[in-house]
Amino acid sequence: MDDLDLKIKQYYGNIRPDSNLIKELKDKITASENERENKWVPFRWKIILKFAAFIALFFTSTYFIYQFSSDNDSNQYYEYAKEIAYNHTKGLNAEYLTSSITELNHYMDKLDFSIINSEMIKDYTWSGARYCSVQGAIAAQIKLKDSKNNVCTLYEFKQNDENDLEKSQTYFIAGVKVMLWSDSGVIFGLAEDKN
């Protein structure tokens, strides 16, 4: 070390700052840090809010894309199943008490189709029917009993378009199992309680 450096060290080494000056400097440093932290908090919340808005927009757009996708038939069948489950839970009695399909077609002449028996319900016992509607279409609500004597409800209504339901679809809605299929231009919906 040269002589000048040594003299500078000796001079400043012996000087002690005033305790008030040290306290004032510490207060300024603390205030500066608090100010920096206070600026960071709103900035951090802005980032979090932007991220939350992005997530909400993502899920909302995904929902609408799904709802209005080209798979509208599937959505329509789900709407059928929801209404069928709702009607089934009402447990309304049949107005026309007969097990004969011929008699039901005679009594229910306001239908724009003929009630038919599908291969999928050939082992069920028919006990009567009433008018109802499914998604605005007039329908026959038919009371059935399965092989275990459980009461089921069958809904038959005319299809609005030419596309047949290619395969049966099953939905579970509010404790009700709803199976949908089509045959000869008629949509069938079989509802039964699933506890």
Side-chain angles (χ1 to χ4, degrees), residues 56-195:
L57 181 64
F58 173 77
F59 282 111
T60 302
S61 61
T62 302
Y63 171 79
F64 281 110
I65 289 170
Y66 172 75
Q67 286 296 318
F68 300 109
S69 68
S70 61
D71 195 15
N72 285 334
D73 286 344
S74 178
N75 292 337
Q76 182 62 49
Y77 294 128
Y78 178 73
E79 292 301 317
Y80 290 157
K82 275 190 351 187
E83 189 163 350
I84 287 169
Y86 173 74
N87 286 340
H88 173 74
T89 57
K90 285 186 198 176
L92 298 176
N93 293 325
E95 293 174 4
Y96 306 103
L97 301 174
T98 181
S99 60
S100 165
I101 295 174
T102 306
E103 286 182 24
L104 285 177
N105 278 315
H106 174 72
Y107 295 140
M108 300 181 75
D109 59 353
K110 293 178 184 157
L111 295 173
D112 55 354
F113 62 93
S114 292
I115 296 172
I116 57 175
N117 194 358
S118 172
E119 185 67 27
M120 294 183 75
I121 54 168
K122 66 179 182 178
D123 295 331
Y124 287 73
T125 305
W126 294 47
S127 60
R130 67 179 292 121
Y131 288 105
C132 74
S133 69
V134 176
Q135 293 292 300
I138 190 168
Q141 180 180 14
I142 304 160
K143 291 292 183 182
L144 306 174
K145 287 190 179 179
D146 65 10
S147 59
K148 296 177 184 170
N149 220 22
N150 295 318
V151 176
C152 306
T153 313
L154 176 69
Y155 297 82
E156 291 188 26
F157 54 100
K158 191 172 181 181
Q159 225 168 277
N160 291 338
D161 58 14
E162 296 300 318
N163 298 327
D164 269 354
L165 194 59
E166 292 177 15
K167 60 181 183 174
S168 67
Q169 296 183 11
T170 303
Y171 301 91
F172 294 90
I173 301 169
V176 177
K177 176 183 174 185
V178 178
M179 187 168 61
L180 295 174
W181 71 95
S182 64
D183 187 5
S184 305
V186 175
I187 293 180
F188 292 83
L190 180 64
E192 57 186 324
D193 294 327
K194 282 295 169 194
N195 299 332

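Note: hydrogens, waters and symmetry copies are ignored here, and every other heavy atom, side chains too, is used.
No side-chain heavy atom of F188 sits under 4.5 Å from any side-chain heavy atom of M120. The shortest distance between side-chain heavy atoms of Y124 and L154 does not fall below 4.5 Å. The closest side-chain heavy-atom distance from V178 to T170 is not below 4.5 Å. Here the side chains of I138 and L111 are in contact, with some heavy-atom distance below 4.5 Å. The shortest distance between side-chain heavy atoms of L144 and L190 falls below 4.5 Å.
S118 meets the side-chain hydrogen bond (donor to acceptor under 3.5 Å, both in side chains) test with W181; sequence neighbours excluded. Residues passing the side-chain hydrogen bond (donor to acceptor under 3.5 Å, both in side chains) test with T89: none are found, sequence neighbours excluded. For K82, the side-chain contact (heavy atoms from CB on, under 4.5 Å) partners are Y78, E79, I173, not counting sequence neighbours.
Interatomic distance, CD1 of I142 versus CD1 of I115, reported as 4.5 Å (0.5 Å rounding). Expressed to the nearest 0.5 Å, how far CG of N87 lies from OG1 of T153 amounts to 9.0 Å. To the nearest 0.5 Å, atom CG of residue L180 and atom CD1 of residue I84 are 5.0 Å apart.
A salt bridge (charged side-chain N to carboxylate O under 4.0 Å, His left out) check over residues 111-123, counting only residues at least two apart or in different chains, returns the pairs E119-K122. Listed by first then second residue, pairs satisfying ring-ring contact (aromatic ring centres under 6.0 Å, His included) with a partner in residues 86-108 read Y96-Y107, not counting sequence neighbours. Counting only residues at least two apart or in different chains, salt bridge (charged side-chain N to carboxylate O under 4.0 Å, His left out) contacts with residues 134-160 are absent. Residue pairs meeting the ring-ring contact (aromatic ring centres under 6.0 Å, His included) criterion with at least one member in residues 133-158, sequence neighbours excluded: Y80-F157. Screening residues 125-136 for side-chain hydrogen bond (donor to acceptor under 3.5 Å, both in side chains) gives E83-Q135, E95-R130 as the qualifying pairs, with residues at least two apart or on separate chains.
Contact detail for G128 and L104: the closest heavy-atom pair is C-CD2, 4.5 Å.
Put simply, the side chain of T98 gets close to the backbone of S100: a donor and an acceptor are under 3.5 Å apart.
Surrounding NZ of K110 are at most 12 heavy atoms belonging to other residues, nucleotides or ligands under 6.0 Å away.
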